[in-house]
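Here is the structure we will look at, set down as structure tokens.
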Amino acid sequence: MNLEKHHTQIEFTSLMSYAVIIGRSFFLWYNPGPDSLNAIVSNSLLIISEFVLVHSGLFMFTWGRIKPIFYFLVIFYLGLISVYYMASKDMTIFVSYCVIIVNRCRFLFYSQNEYLKASILKFSLFSAMIFLLITIPLFTFLSPQIPELGVSQDYLKSIRYYQFVKGSSGVLVDKPHLGLVWNILYFSSLIVLDIKLNLFQRGNK
């Protein structure tokens, strides 16, 4: 299976998927509707699936040469399952993130172009660094500075959010707007990184 010749087109699908998540998260943060409960929950918890996917990408690149199809299937379904329970009621995010998962796994089928494989490895490494650089400050000392905007306590009570997440705890549950802001910052950073590593550099190569 030769996917190298479609590399640029595949990269554009990744960029579009990132943009969909960014736009969806922004509108939920800025102006959520009365029926946005499931969307807020699924979008604010995407960080959990991305944590799994980022580390899976590094693992796959290290060990993928042994049995590429096997690792592709394992990681694909792990990622699919990890997002299903949180995104199944928001199909826009579910489909977008499935596209991202498939795109992250595609290097297993890149057998001829070492430059493209190296670019994807760099993307995995830098995305893991970006994950930490955004997550740690956002959920610690920057947390009190992030405005709730439309996702205020009054709004969350009005849509019975706390009854919906009853039994769960943690900063992502208590402050869902932080998860939405994280999506905006993180996936915006991935767009810049993706363009830098996989589009511009290839064109200048």
Side-chain angles (χ1 to χ4, degrees), residues 3 7 10-22 24-25 42-68 70-87 93-94 96-110 113-143 146 170-172 175 178-202:
L3 296 180
H7 178 75
I10 294 173
E11 286 303 323
F12 277 118
T13 65
S14 291
L15 297 177
M16 288 188 290
S17 298
Y18 297 148
V20 168
I21 293 176
I22 292 167
R24 183 72 165 150
S25 297
S42 61
N43 281 265
S44 64
L45 296 179
L46 267 180
I47 182 175
I48 299 174
S49 294
E50 187 62 20
F51 176 82
V52 174
L53 194 59
V54 164
H55 291 82
S56 297
L58 297 176
F59 177 79
M60 276 195 302
F61 204 97
T62 303
W63 298 101
R65 293 184 180 183
I66 300 175
K67 293 181 179 180
F70 171 78
Y71 282 106
F72 172 81
L73 292 175
V74 170
I75 301 303
F76 175 78
Y77 284 111
L78 279 176
L80 200 62
I81 291 170
S82 70
V83 300
Y84 180 77
Y85 76 94
M86 66 180 65
I93 295 301
F94 179 65
S96 298
Y97 204 70
C98 284
V99 171
I100 292 172
I101 292 172
V102 173
N103 284 344
R104 299 273 184 90
C105 296
R106 74 187 185 278
F107 82 90
L108 292 172
F109 300 101
Y110 281 14
N113 196 319
E114 292 298 323
Y115 172 77
L116 294 181
K117 293 177 72 173
S119 294
I120 297 172
L121 174 58
K122 289 179 182 178
F123 181 86
S124 296
L125 293 172
F126 281 118
S127 61
M129 294 172 59
I130 291 171
F131 185 97
L132 293 175
L133 290 174
I134 292 178
T135 303
I136 294 174
L138 182 63
F139 290 98
T140 54
F141 59 88
L142 289 181
S143 173
I146 306 299
V171 65
L172 285 171
K175 300 179 178 180
L178 293 181
L180 300 176
V181 173
W182 184 90
N183 290 348
I184 296 169
L185 296 176
Y186 177 76
F187 288 105
S188 295
S189 300
L190 292 193
I191 287 179
V192 175
L193 178 63
D194 213 343
I195 292 174
K196 174 72 173 174
L197 292 179
N198 296 317
L199 294 179
F200 284 169
Q201 286 190 8
R202 190 180 182 219

query = Given the rule in the side-chain contact (heavy atoms from CB on, under 4.5 Å) test, do Glu50 and Leu190 qualify, once you have shown the distances and angles that lead to the verdict?
reply = CA-CA 12 Å; Glu50 187 62 20; Leu190 292 193; 4.2 Å; yes
Under 3.5 Å, side chain of Ser143 to main-chain N/O of Phe139, donor-acceptor pair present?
no
Exercise for the section: Could you walk me through whether Ile47 and Phe131 pass side-chain contact (heavy atoms from CB on, under 4.5 Å), step by step? Expected result: CA-CA 9 Å; Ile47 182 175; Phe131 185 97; 3.9 Å; yes
Students often mix this up, so state it plainly: with edges at 30° and 60°, are the rings of Tyr18 and Phe123 parallel, tilted or perpendicular? parallel
Under 3.5 Å: donor-acceptor pair, side chain of Ser188, backbone of Leu185: no
Between the CE atom in Met129 and the OG atom in Ser189, the distance rounded to the nearest 0.5 Å is 12.0 Å
Is there a side-chain contact (heavy atoms from CB on, under 4.5 Å) between Trp182 and Phe187? Walk through the geometry before answering. CA-CA 8 Å; Trp182 184 90; Phe187 288 105; 4.1 Å; yes
| query | Is a side-chain donor or acceptor of Asp194 paired with a backbone partner of Ser14 at a separation under 3.5 angstrom? | reply | no
Between Leu138 and Leu178 the two heavy atoms that sit nearest each other are CD2-O, 3.7 Å
Taken to the nearest 0.5 Å, the spacing of Leu45 CG from Leu180 CG works out to 9.5 Å
Taking every heavy atom of Gly179 against every heavy atom of Leu172, the minimum-distance pair comes out as CA-CD2, 4.1 Å
In short, Ser25 meets Asn183 closest at the heavy-atom pair OG-ND2, 3.0 Å
side-chain contact (heavy atoms from CB on, under 4.5 Å) between Phe51 and Ile48, intermediate numbers included: CA-CA 5 Å; Phe51 176 82; Ile48 299 174; 5.7 Å; no
Between Leu132 and Pro137, the two heavy atoms sitting closest are O-CD, 3.9 Å
Between the CD1 atom in Ile134 and the CG atom in Leu142, the distance rounded to the nearest 0.5 Å is 11.0 Å
